[in-house]
K.L.:
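Encoded as structure tokens, here's the structure I'll be asking about.
Protein chains get the first letters and strands the later ones, always in sequence-line order, with residue 1 at the start of each. Values in this document were obtained by computation on a predicted structure and should not be read as measured data.
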Amino acid sequence: MPELPEAENIVRTLAPRITGQRILRSEFRTPRSRQGPMPDLAGRGVISVSRYGKQVLIGLDEGFLLIELRMTGLLLWREDLGTHTRARLIFGHGAVRFDDIRQFGSFRFLHDPPDHLGPDPLEIPPGDFRARLQVRQRMLKPLLLDQRFLRGLGNIYVDEILFRARIHPVALASRLSRARVERLHDSMVMALAEAIECGGSSISDYVNADGVKGRFQIRHRVYGKAGVPCRRCRFPIRRVVVGQRGTHFCPHCQRR
DNA sequence: TGGAATGTTCGGCT
DNA sequence: AAGCCGAACATTCC
């Protein structure tokens with residue numbers, strides 16, 4: 001489920017619960033919930049909780065836990081177990097529960113902070129963004145979804161950002177005008193900031209660590225809105241497939 | 001019943 | 001090399 005705004009809200013709700021606390025015990029209830037070697041976490045202290053792209057990074061007094069939520073992963077602060085609880089971190093005053101219906105997500109232990117993905121969309125300066133776009137002979141949509149290009153964007157927000165920037169999803173990255181790149185950067189920062197403030201998008205069952213849903217879905221302009229009149233020009237929103245992902249856009253406002 | 005779903009990776013092809 | 005495509009992962013929902 002989670003993309004950058006959802007991961008950010010999970011981090012913001014989880015951080016005050018566990019920062020400075022000590023893990024008493026961990027449970028990995030399915031083999032898939034852990035990837036690679038996982039040392040004993042019992043007794044390790046939590047130094048920090050942050051976001052790495054759309055992933056959640058827990059800094060320990062020794063090493064890091066990088067949690068990939070993928071399609072259906074959630075982190076919840078609650079002590080009981082659910083049908084799809086795949087792992088738990090148990091503290092003296094409560095527990096972090098990793099629920100993941102499809103089991104695509106996992107925990108990984110790292111000795112050093114991650115650095116394998118591209119820049120954060122909220123931090124990249126417009127000039128750097130333009131320089132990175134200019135050298136890529138790729139369609140914008142798959143490029144923006146590529147976590148090595150930018151870390152944090154997913155299918156919902158790429159569609160919403162391209163609509164706000166009025167740029168076609170299959171536009172070639174290297175051929176965007178300076179004005180369009182600026183519009184794209186502005187739209188990206190503004191849409192993500194607004195989505196974070198709204199608590200993210202809950203389209204099926206996303207909730208933050210306190211179990212609270214997001215409200216940005218009511219501000220979606222194109223995602224999941226095939227056939228609905230564009231709010232800018234009233235032309236029906238179209239759904240196509242680009243790079244194997246459902247892609248929503250306004251054919252009138254977003255010209256090639 | 002088949003298809004699609006907020007994601008990523010891998011192998012093969014051009 | 002870079003980019004594209006299909007398949008795979010597992011489950012639920014319509």
K.L.:
Over how many whole Å does the gap from Leu133(A) atom CG to dA2(C) atom C1' extend?
P.N.:
16 Å
K.L.:
Could you check whether Asp100(A) pairs with Arg32(A) (Lys NZ or Arg NE/NH1/NH2 to Asp/Glu carboxylate O, under 4.0 Å)?
P.N.:
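Between Arg32(A) and Asp100(A) there is no salt bridge, as every charged N stays at least 4.0 Å from the carboxylate O atoms.
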K.L.:
Can you check the distance between dT8(B) and dA1(C), where both ends of the measurement are the P atom (answer in whole Å)?
P.N.:
25 Å
K.L.:
State whether Gln147(A) places a side-chain N or O below 4.0 Å from either non-bridging phosphate oxygen (OP1 or OP2) of dT8(B).
P.N.:
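Answer yes for this pair, as a side-chain N or O of Gln147(A) is under 4.0 Å from OP1 or OP2.
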K.L.:
Who does dA10(C) pair with, Watson-Crick or G-U, both distances under 3.5 Å?
P.N.:
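Its partner is none (no Watson-Crick or G-U wobble pair with both distances under 3.5 Å).
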K.L.:
Within this structure, what is the CG-to-C1' distance between Asp146(A) and dT9(B), rounded to whole angstrom?
P.N.:
12 Å
K.L.:
Can we say Arg12(A) and Glu8(A) salt-bridge, meaning some charged N sits less than 4.0 Å from an Asp/Glu carboxylate O?
P.N.:
yes
K.L.:
Please give, in whole Å, the distance from dT9(B) C1' to Lys54(A) NZ?
P.N.:
13 Å
K.L.:
For Val135(A) and for Gln244(A), find the nucleotide of DNA chain C with the closest heavy atom, then tell me which residue's nucleotide is more 5'.
P.N.:
Val135(A)
K.L.:
Measure NZ/Lys141(A) against P/dC4(C) and give the value in whole Å, please.
P.N.:
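About 14 Å, once rounded to whole Å.
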K.L.:
For the pair made of CG in Asn155(A) and P in dT8(B), what is the distance, rounded to whole Å?
P.N.:
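My rounded result for the distance is 11 Å.
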K.L.:
Heavy atoms only: give me the nearest Asp159(A)-Lys141(A) pair and the separation to one decimal.
P.N.:
OD1-NZ, 2.6 Å
K.L.:
Quick one: are Glu160(A) and Val222(A) in side-chain contact, heavy atoms under 4.5 Å?
P.N.:
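Yes, their side chains come closer than 4.5 Å.
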K.L.:
Using 4.0 Å as the upper bound for N to carboxylate O, is an ion pair formed by Arg97(A) and Asp80(A)?
P.N.:
yes
K.L.:
Within the structure shown, what part of the strands sits under 4.0 Å from Tyr223(A) by heavy-atom distance: base, sugar-phosphate, or nothing?
P.N.:
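Sugar-phosphate contact only.
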K.L.:
Take the protein atom OH of Tyr157(A) and the nucleotide atom C1' of dG7(B), then report the distance between them rounded to whole Å.
P.N.:
15 Å
K.L.:
Could you give the CZ-to-P distance, from Arg245(A) to dT9(B), as a whole number of Å?
P.N.:
13 Å
K.L.:
All N/O contacts under 3.5 Å from nucleotides 10-14 of chain C to the protein, with atom names and distances to one decimal?
P.N.:
| from | atom 1 | to | atom 2 | distance (Å) |
| --- | --- | --- | --- | --- |
| dA10(C) | OP1 | Arg32(A) | NH1 | 3.1 |
| dA10(C) | O4' | Arg102(A) | O | 2.8 |
| dA10(C) | O3' | Gln103(A) | NE2 | 3.0 |
| dA10(C) | N1 | Arg102(A) | NE | 3.0 |
| dA10(C) | N1 | Arg102(A) | NH2 | 2.6 |
| dA10(C) | N3 | Arg102(A) | NE | 3.2 |
| dT11(C) | OP1 | Gln103(A) | NE2 | 2.8 |

K.L.:
State, to 0.1 Å, how close Cys250(A) and Ile237(A) come at their nearest heavy-atom pair, and which atoms those are.
P.N.:
CB-CD1, 3.8 Å
K.L.:
Could you state the NE2-C1' distance from His116(A) to dT8(B), rounded to the nearest angstrom?
P.N.:
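Checked: the NE2 to C1' distance equals 10 Å.
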K.L.:
Quick one: do the Tyr157(A) and Glu6(A) side chains pair a donor with an acceptor below 3.5 Å?
P.N.:
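Yes, side-chain donor-acceptor contact under 3.5 Å.
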K.L.:
Report the nucleotide, chosen from dG3(C), dA5(B), dT8(B), that has the shortest atom-to-atom distance to any side-chain atom of Arg239(A).
P.N.:
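In terms of side-chain proximity for Arg239(A), the closest of dG3(C), dA5(B), dT8(B) is dA5(B).
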